[in-house]
Amino acid sequence: MKIVIVGGVAAGMSAAARARRLAEDAQIVVLERGPHVSFAACGLPYHLSGEIADADDLLLHTPASLQAALGLDVRTHSEAVAIDRTARTVRVAGPQGEYDEPYDALLLAPGAVAVAPPLPGLDLPAVRTLRTVADAVALRERVDAGARRAVVLGAGFIGLEAVEALRHRGVDVDLVERAPQVLPPLDPELAALVAGELADHGVRVRAGVSATGVEEAPDGGVVVVLDDGTRLPADLVVLSVGVRPDSALAASAGLDVDARGAIVVDAAQRTSDPHVWAAGDATAVVHAVTGARGPVPLAGPANRAGRTAADSMLGAEVASPPVLGTAVVRVMGLTAAVTGANAAMLADVEHHTLHLHGGHHAGFYPGAQAVHLVVHVGTDGRLLGAQAVGREGVDKRIDVIATAIRAGLRATDLADLELAYAPPYGAAKDPVNMAGFVAQNVLDGTLALWHARDLDAVRASALVLDVRGDAEWASGHLPEALHVPHTQLRDRLDEVVAAAAGRPVRVHCASGVRSYLAHRVLVAAGLDSASLSGGMQTLRAVHPDLELVTEAQRVPQPV
């Protein structure tokens with residue numbers, strides 16, 4: 001059997017290696033149009049930063065090493081330019097000219113290409129993407145040569161990694177994002193924490209604006225022009241506004257592609273041609289939570305899809321599972337991670353959103369850092385997605401929840417997970433367990449929540465009850481709130497009832513724990529009560545410009 005694979009790196013090389021392990025007698029040809037068939041694409045920002053000193057360390061395998069280890073016929077600088085599905089041949093443009101390569105089974109793994117908006121100046125030498133080893137080397141050479149001003153266009157995962165790498169090298173950075181927030185896959189209340197971290201490290205975040213072009217500057221640099229009229233001088237520009245499936249070859253061969261250009265495949269990675277498979281960033285996958293189909297450009301799913309394709313090409317009955325989109329990124333001192341669906345993806349789905357701010361290890365052990373966790377739960381208890389931001393322990397919690405979603409656990413099952421505990425590593429009630437406890441309380445009616453997004457409606461129709469301590473109240477509070485520390489609530493219920501005057505009571509504390517205790521007291525007293533999800537921490541993240549009254553403002557100042 002002869003297998004031809006178009007594209008190396010994640011999906012293509014995973015398929016090639018798997019096919020060889022399953023079929024020693026198969027002829028396996030890998031066509032790669034670039035110079036490197038197997039490199040660590042996710043490591044590119046860390047070469048730019050200098051953390052990976054040698055670019056050669058990003059090269060995982062060479063054609064020679066793959067020939068020696070797996071007997072693969074790997075051809076670099078060889079681009080597949082056409083497919084003859086009737087003859088079962090691939091037209092290849094290689095170093096020695098064009099030729100036709102026959103196949104019994106063909107796998108397309110071309111990956112994705114960086115989106116380049118139709119803006120003037122993007123072809124200037126100072127403008128680069130960060131997709132290949134050559135990109136990383138070129139950007140690092142510019143920094144080494146003295147570049148000290150950079151503009152990064154796009155605040156997604158790769159854009160933020162580029163920002164961090166450039167700041168690590170001491171480069172002054174402006175970050176431009178068309179969306180109203182950085183890291184659009186995050187819910188806004190967590191994205192605000194990332195934006196704050198960037199600002200604390202000197203990054204000028206410009207959200208809600210777009211670039212209209214790049215111009216050459218008299219000093220040899222460039223100027224990035226924004227649609228609000230701002231002009232940003234720079235020595236280099238990193239273009240990271242997204243990627244699109246590289247499906248032109250598939251489309252020209254008449255294979256089915258979807259509206260976004262992704263190659264349509266079945267669960268076994270087979271295309272609309274029974275002799276052609278596809279895997280990786282160029283394909284449409286099924287989202288495990290929403291069921292939506294579309295490209296999810298992540299290395300993990302690409303590698304697994306390549307393995308499935310190899311099994312299928314060799315006759316096995318296999319299926320790739322739906323994709324959760326689990327991802328993680330380091331942003332200066334913070335880590336942000338996601339899995340499953342976010343709030344935007346669930347806009348038309350009735351669900352509960354839980355906000356928690358637990359410690360990454362036991363609070364009594366020195367150094368505990370907050371894990372800001374958001375969990376979306378269906379009204380039937382199904383786990384729909386989770387996100388977290390923090391300085392320690394974020395990846396661990398998201399990995400646990402991703403595993404729980406894959407295993408079909410309900411949100412309430414999180415309460416009973418046995419997670420490793422010792423004071424330096426976790427807490428007896430881990431943040432994941434706490435999410436399960438909160439889910440239990442919400443789903444069985446023990447806890448009613450109100451959310452920061454509902455602040456205006458709550459102010460207009462309810463009594464806001466602040467149950468934090470005196471010092472917290474003095475540091476900043478809502479001007480209309482009634483202050484009754486939760487430890488005094490039972491003795492001051494009459495005061496709350498009088499202030500409510502028949503209105504609902506919407507209670508909050510700093511993170512949601514004490515307000516839950518107060519909520520139970522209020523419910524027992526017959527009041528219509530709800531607790532603010534995530535407390536004042538989440539409220540301030542959702543409303544960064546919220547005007548709070550401090551104790552100093554209440555005290556008349558001496559004349």
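The shown structure was predicted, so the numbers you read here are calculated from the model rather than taken from an experiment.
Residues passing the side-chain hydrogen bond (donor to acceptor under 3.5 Å, both in side chains) test with R178, sequence neighbours excluded: none. Evaluation of the salt bridge (Lys or Arg N to Asp or Glu O under 4.0 Å) rule for R131 yields no partner, not counting sequence neighbours. Under the salt bridge (Lys or Arg N to Asp or Glu O under 4.0 Å) criterion, R18 pairs with D311, not counting sequence neighbours. With sequence neighbours excluded, the residues satisfying side chain to side chain contact (heavy atoms under 4.5 Å, CB included) with D235 are A147, R148, R149. H47 pairs by the ring-ring contact (aromatic ring centres under 6.0 Å, His included) definition with nothing, not counting sequence neighbours. With sequence neighbours excluded, the residues satisfying side chain to side chain contact (heavy atoms under 4.5 Å, CB included) with A26 are R20, A23, I28. Contacts of H361 classified as ring-ring contact (aromatic ring centres under 6.0 Å, His included), with partners at least two apart in sequence or in another chain: Y365.
Of all heavy-atom pairs spanning I83 and A253, the tightest one is CB-CB, 3.9 Å. Residues E32 and G8 approach most closely at OE1-N, 3.0 Å, considering heavy atoms.
With a 4.5 Å cut-off on side-chain heavy atoms, E161 and V329 count as touching. Put simply, the side chain of Y103 does not reach to within 4.5 Å of the side chain of V29, judged on heavy atoms. Q269 is not listed as a side-chain neighbour of S312, based on a closest heavy-atom distance of 4.5 Å or more. Taking 4.5 Å as the limit, every side-chain heavy atom of H168 sits out of range of all side-chain heavy atoms of Y46. Between V176 and T230, every side-chain heavy-atom pair lies at or beyond the 4.5 Å cut-off.
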Would you tabulate the side-chain donor-acceptor contacts of residues 107-127 under 3.5 Å, counting partners in other chains and residues two or more places apart, or write 'none'?
none

Going by atom type alone, with no hydrogens or angles, which donor-acceptor pairs under 3.5 Å involve a side-chain atom of residues 210-218 and a protein atom two or more places apart or on another chain?
unit_1 : atom_1 : unit_2 : atom_2 : d
T212   : OG1    : V225   : O      : 3.2
E215   : OE1    : R231   : NH1    : 3.4
E215   : OE1    : R231   : NH2    : 2.8

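The list of side chain to side chain donor-acceptor pair (under 3.5 Å) pairs with a residue in residues 238-264, not counting sequence neighbours, reads R33-D246. Applying the side chain to side chain donor-acceptor pair (under 3.5 Å) definition to pairs two or more places apart or across chains, those involving residues 82-95 are R85-D273, R88-H275, R91-E98, R91-D100. Residue pairs meeting the side chain to side chain donor-acceptor pair (under 3.5 Å) criterion with at least one member in residues 400-409, sequence neighbours excluded, do not occur.
R330 pairs in a salt bridge (Lys or Arg N to Asp or Glu O under 4.0 Å) with only one of the listed residues (E392, E197, E51), which is E51.
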